[in-house]
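Chain letters run A, B, ... following the sequence lines, proteins first and then strands; every chain starts at 1.
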Number of protein chains: 2
Amino acid sequence: MAHRRSDVLAHAVALLDTHGLSALTMRRLGSELGVQPSAIYHHFASKQELLAAVADEILARGARPRTAVAWPDRLREVCTELRLAMLACTDGADVVATVWAFGLGAAGPVSELEKVLADAGAPADLAAVASRTLLHYVFGHAFEEQTARQAVSLGAVDRPLESLPDFDLGLDLVVDGLRARLA
Amino acid sequence: MAHRRSDVLAHAVALLDTHGLSALTMRRLGSELGVQPSAIYHHFASKQELLAAVADEILARGARPRTAVAWPDRLREVCTELRLAMLACTDGADVVATVWAFGLGAAGPVSELEKVLADAGAPADLAAVASRTLLHYVFGHAFEEQTARQAVSLGAVDRPLESLPDFDLGLDLVVDGLRARLA
DNA sequence: ACCTGAACACCGTTCAAGT
DNA sequence: ACCTGAACACCGTTCAAGT
């Protein structure tokens with residue numbers, strides 16, 4: 001019955017996938033692994049640490065090859081990968097954004113955005129601001145989209161999905177602001 | 001010992017102000033009012049409904065007069081008011097952003113942003129995208145700033161506040177993207 | 001209108017002890 | 001290295017009943 005850290009993590013991600021964040025409790029995770037809740041603490045020091053590992057796994061799972069060469073397309077590629085990775089998992093946006101906000105992980109996308117901007121000739125402070133602005137946009141948009149999607153699927157609300165503003169349109173708004181500064 | 005809904009709400013806000021979101025529980029709120037937790041449910045159907053009222057109160061408390069006439073300055077005014085209102089209260093950004101994301105309230109700022117953009121001649125879809133992009137930026141920035149501030153004040157982290165990107169700089173990025181489309 | 005008392009069904013976390 | 005068993009200190013919510 002011995003589990004490794006990776007077994008516990010895999011089951012945590014599966015639990016999130018199938019039943020959402022509210023089902024991802026230490027007690028439920030333990031019982032589904034046939035183990036006491038306290039046994040999880042042998043592998044993860046806290047639920048926060050577990051969630052950080054889950055967030056990193058969500059991002060790793062959503063990795064896609066990079067093809068674009070121009071910086072605006074590179075930015076779009078990173079943002080789109082991040083968005084799709086979060087949307088691919090129940091409550092994925094909530095988990096990744098929370099883990100990022102508390103500085104516990106999920107730092108990959110922002111450092112990649114910063115690198116793309118630095119390579120495009122942006123000074124460090126502009127790269128820092130712009131990468132975080134893009135990240136906040138992707139988080140906010142994905143969180144809203146996911147919340148609306150789930151509200152509809154639960155029959156709680158009949159607001160149609162089409163009323164949500166388009167993802168790429170908002171992205172272009174920020175990219176255009178950047179273009180003016182990097183020209 | 002009879003309390004009105006407004007008494008309960010006022011104490012909930014005070015509790016948030018002084019001890020943060022983790023202290024805002026139905027049980028603690030009840031005990032500080034000298035009442036059973038179940039008594040709160042006479043005034044609010046659920047904790048979510050209470051939180052929505054708290055978020056609206058945070059925004060109402062932070063209201064400031066509008067002075068700008070040009071639309072870019074109007075946008076900045078609304079975003080700055082929203083930001084300061086959230087920062088003025090412990091975990092204010094978390095509460096307001098969560099309530100907004102779940103469609104339970106805090107809709108004032110976004111509809112005001114949409115109105116400013118419509119008056120500036122933006123088509124409805126651009127106004128919708130841009131207002132949400134701005135909102136996501138303000139939420140994300142404020143949440144990060146507040147989280148970092150609290151981490152520092154708790155001595156948990158020594159990352160200095162100055163390393164945070166400037167609020168107005170990110171705002172200008174989006175405004176410039178808009179300027180190109182409204183010229 | 002406003003509240004009590006008691007229950008229901010949960011949480012995260014700690015820790016001595018076991019194998 | 002991995003886990004048990006039991007406890008500690010909590011949660012939100014419901015509901016019949018009281019004033």
Side-chain angles (χ1 to χ4, degrees), chain A residues 1-16 18-55 90-91 94-95 98-99 101-105 147 150-151 154 156, chain B residues 1-16 18-55 90-91 94-95 98-99 101-105 147 150-151 154 156:
Chain A
M1 268 293 174
H3 302 92
R4 282 181 268 95
R5 185 184 155 103
S6 59
D7 298 331
V8 178
L9 176 57
H11 203 89
V13 173
L15 204 44
L16 188 69
T18 54
H19 298 287
L21 189 54
S22 67
L24 183 43
T25 69
M26 301 302 257
R27 299 179 107 94
R28 178 155 179 183
L29 185 55
S31 87
E32 294 204 358
L33 289 168
V35 121
Q36 293 288 327
S38 52
I40 312 291
Y41 289 84
H42 186 78
H43 303 282
F44 296 92
S46 64
K47 189 177 180 181
Q48 280 206 326
E49 196 180 295
L50 173 64
L51 274 179
V54 167
T90 316
D91 294 324
D94 196 350
V95 171
T98 302
V99 165
F102 284 91
L104 302 168
T147 302
Q150 284 163 193
L154 287 174
Chain B
M1 268 296 177
H3 302 91
R4 285 185 264 92
R5 184 184 156 104
S6 58
D7 298 331
V8 179
L9 176 57
H11 202 89
V13 174
L15 204 43
L16 188 68
T18 54
H19 298 287
L21 188 54
S22 67
L24 184 43
T25 68
M26 302 302 258
R27 299 180 108 95
R28 178 157 179 180
L29 184 54
S31 87
E32 294 204 358
L33 290 168
V35 118
Q36 293 287 328
S38 52
I40 312 291
Y41 289 85
H42 186 77
H43 303 283
F44 297 92
S46 65
K47 189 175 180 181
Q48 280 206 325
E49 196 180 294
L50 173 65
L51 273 181
V54 167
T90 316
D91 294 325
D94 196 350
V95 172
T98 302
V99 166
F102 284 92
L104 303 167
T147 302
Q150 285 164 191
L154 287 174

Measure from the side-chain heavy atoms of [X] and tell me the nearest of [options].
| X | options | result |
| --- | --- | --- |
| Met26(A) | dC3(C), dT13(C), dC11(C) | dT13(C) |
| His42(B) | dA1(C), dC15(C), dA6(C) | dA1(C) |
| Ala2(B) | dG12(C), dT13(D), dC3(C) | dC3(C) |
| Val35(A) | dC2(D), dC3(D), dT13(D) | dC3(D) |

Practice task
Can you tell me, in whole Å, how much space there is between the P of dA9(C) and that of dC8(D)?
Solution key: 22 Å
Handout entry: Separation between the C1' atoms of dA17(C) and dC2(D), rounded to whole Å
Key =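 About 13 Å, rounded to a whole number of Å.
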Completion exercise
Of Arg27(A) and Ala39(A), the one whose closest nucleotide on DNA chain D sits nearer the 5' end is Ala39(A)
Problem - Option passing side-chain contact (heavy atoms from CB on, under 4.5 Å) with Leu15(B) (candidates Thr90(B), Leu33(B), Leu29(B), Val54(B)) - result: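 Considering Thr90(B), Leu33(B), Leu29(B), Val54(B), a side-chain contact (heavy atoms from CB on, under 4.5 Å) with Leu15(B) is found only for Leu29(B).
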Handout entry: Side chain Ser38(A) and base dG5(D) donor-acceptor under 3.5 Å
Key =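 Indeed there is one.
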Let me confirm one number: the [atom1]-[atom2] distance from [X] to [Y], rounded to the nearest 0.5 Å.
| X | Y | atom1 | atom2 | answer |
| --- | --- | --- | --- | --- |
| Phe44(A) | Arg5(A) | CZ | CZ | 4.0 Å |
| His19(A) | Thr25(A) | NE2 | OG1 | 11.5 Å |
| Arg28(B) | Ser22(B) | CZ | OG | 8.0 Å |

Between [N] atom [atom2] and [X] atom [atom1], what is the distance in whole Å?
| X | N | atom1 | atom2 | value |
| --- | --- | --- | --- | --- |
| Lys47(B) | dT14(D) | NZ | P | 14 Å |
| Gln48(B) | dC11(D) | CD | P | 18 Å |
| Leu50(B) | dT13(D) | CG | C1' | 14 Å |
| Tyr41(A) | dA1(D) | OH | P | 21 Å |
| Ile40(A) | dC11(C) | CD1 | P | 13 Å |
| Leu33(B) | dC2(C) | CG | P | 13 Å |

Exercise for the section: Would you indicate, yes or no, if dC3(D) has its OP1 or OP2 atom less than 4.0 angstrom from a side-chain nitrogen or oxygen of Gln36(A)? Expected result: no
Exercise for the section: For dA1(D), take OP1 and OP2 only and decide whether either is under 4.0 Å from a side-chain N or O of His43(A). Expected result: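 Result: no.
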Handout entry: Given DNA chain C, 5'-ward residue of the pair Pro37(A) and Val8(B), judged by closest heavy atom
Key =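 The answer here is Val8(B).
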Exercise for the section: Could you check Ser22(A) against Ala45(A) and say which one's nearest nucleotide on DNA chain C is further toward the 5' end? Expected result: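 Between the two, 5'-proximity favours Ser22(A).
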Exercise for the section: Provide the Watson-Crick or G-U wobble partner of dC15(C), both distances under 3.5 Å; none if there is no partner. Expected result: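 Its partner is dG5(D).
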Exercise for the section: Please lay out, stage by stage, how Asp7(B) and Arg4(B) fare under the test side chain to side chain contact (heavy atoms under 4.5 Å, CB included). Expected result: CA-CA 5 Å; Asp7(B) 298 331; Arg4(B) 285 185 264 92; 3.8 Å; yes
